[in-house]
Amino acid sequence: MIRFEHVTKQFGSFKVLDDLDVEIPKGKITVIIGKSGEGKSVTIKHIMGLLKPTKGRVFVDGEDITDFEIEDLKRIRRKIGMLFQHAALFDSLSVFENVAFPVLEHENVPFDELKDRVGEVLDMVGLPGIEKKFPGELSTGEKKRVGLARALIHKPKIILYDEPTTGMDPLVSEMIDELIVAVNQNNPELTSVVISHDLKAALDISENVVMLYKGKVQLAASPEEFRNTSDPVIRQFFSGKVDGPMEFM
Ligand SMILES: Nc1ncnc2c1ncn2[C@@H]1O[C@H](COP(=O)(O)OP(=O)(O)OP(=O)(O)O)[C@@H](O)[C@H]1O
């Protein structure tokens with residue numbers, strides 16, 4: 001469970017989150033949507049403890065992390081896997097070394113066990129046997145999947161996806177979306193949080209959608225409720241039209 005309790009985040013006098021109050025349920029896929037600049041990245045940075053609220057409290061896996069110092073934050077971050085917008089693999093390292101990296105950093109695992117674990121997560125993302133390849137030999141979609149394998153290697157309780165399909169062609173995007181769903185189905189305890197500005201894809205993969213608007217939750221509900229809502233701001237977001245009640249900064 002992740003909870004934002006009346007979180008306000010200001011940078012100087014600029015308020016990005018304004019009394020944000022929302023719960024992200026355990027074991028489900030939650031997609032956070034909102035137009036560019038609404039504070040989606042700022043929201044997930046609070047989950048990692050990379051930003052602290054100006055006001056309010058943030059809970060991760062049942063713990064109030066708001067005032068945590070670095071040691072406790074590191075402990076919390078070990079429960080979190082993160083898939084960045086750009087897969088950010090190390091080009092000079094093999095797939096095996098890239099995927100094993102978070103384990104080598106934090107744990108002392110015998111090599112045979114590490115080999116098994118890397119094999120297991122590469123299987124999970126549908127890329128068995130590519131340990132010896134280098135990132136330069138992989139397609140964009142494959143790099144993303146290796147990034148996902150790396151995020152999964154230390155068996156996180158929470159996985160954060162930052163715009164996982166941005167810049168990908170429709171087929172690769174769909175494959176990544178399907179993978180997010182498959183990973184969640186194979187790990188029923190895993191809480192997945194996906195940041196997206198693609199409402200239609202969000203509704204296809206998620207069980208819970210949170211739409212941010214003007215620093216607050218416009219609606220936190222099931223995909224069905226989103227599809228059926230008459231809220232004009234959400235309808236406008238669906239339509240992708242500039243004309244409507246939605247304000248652009
Ligand atoms: N460290 C910071 N200092 C000052 N302003 C910041 C900082 N981080 C984010 N912001 C501002 O907060 C606002 C929200 O940014 P954020 O990156 O969360 O938006 P977003 O919803 O993720 O947008 P996008 O979809 O374009 O990635 C932006 O106006 C951004 O400039």
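Ligands are counted one by one from 1 in listed order, and the atoms in each one are counted from 1 as well. Everything quoted here is computed from the prediction, not taken from an experiment.
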Decide, yes or no, whether a salt bridge links [X] with [Y] under the criterion of side-chain N to carboxylate O below 4.0 Å.
| X | Y | result |
| --- | --- | --- |
| Arg145 | Glu142 | no |
| Asp162 | Lys144 | no |
| Arg117 | Glu113 | yes |

- Item | Location of contacts on Val16 toward ligand 1, heavy atoms closer than 4.0 Å |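 The part of Val16 near ligand 1 is the side chain, not the backbone.
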- Query: Would you call Glu97 and Phe90 a side-chain contact if the rule is heavy atoms closer than 4.5 Å?
  - Reply: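 The answer is no; the side chains never approach within 4.5 Å.
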- Query: Would you find a donor on one side and an acceptor on the other, under 3.5 Å apart, between the side chain of Glu23 and the backbone of Arg3?
  - Reply: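 Answer holds: no.
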- Could you tell me whether Gly39 and ligand 1 have an N or O pair separated by under 3.5 Å?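 Yes - when backbone and side-chain N and O of Gly39 are compared with those of ligand 1, one distance drops under 3.5 Å.
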- Query: Hey, is ligand 1 close enough to Leu51 that some N/O pair sits below 3.5 Å?
  - Reply: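 No; every N/O pair is 3.5 Å or more apart.
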- Message: Only heavy atoms of Glu163, strictly under 4.0 Å: list the atoms of ligand 1 that pass.
- Response: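 Going through ligand 1 atom by atom, the ones under 4.0 Å from Glu163 are 25 (O).
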- With atoms numbered from 1 as shown, which atoms in ligand 1 lie under 4.0 angstrom from a non-hydrogen atom of Ser36?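 Listed by number with element: 23 (O), 24 (P), 25 (O), 26 (O).
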- Is the shortest distance from a heavy atom of Gly34 to ligand 1 less than 4.0 Å?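 For ligand 1, residue contact (heavy atoms, under 4.0 Å) with Gly34 is absent.
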- Query: How about Ser196 and Asp198: does a side-chain donor come under 3.5 Å of a side-chain acceptor?
  - Reply: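 No, no side-chain donor-acceptor pair sits under 3.5 Å.
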- Query: Of the choices Ile33, Thr166, Val42, which has the non-hydrogen atom that lies closest to atom 18 (O) of ligand 1?
  - Reply: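 Looking at heavy atoms only, Val42 sits closest to atom 18 (O) of ligand 1.
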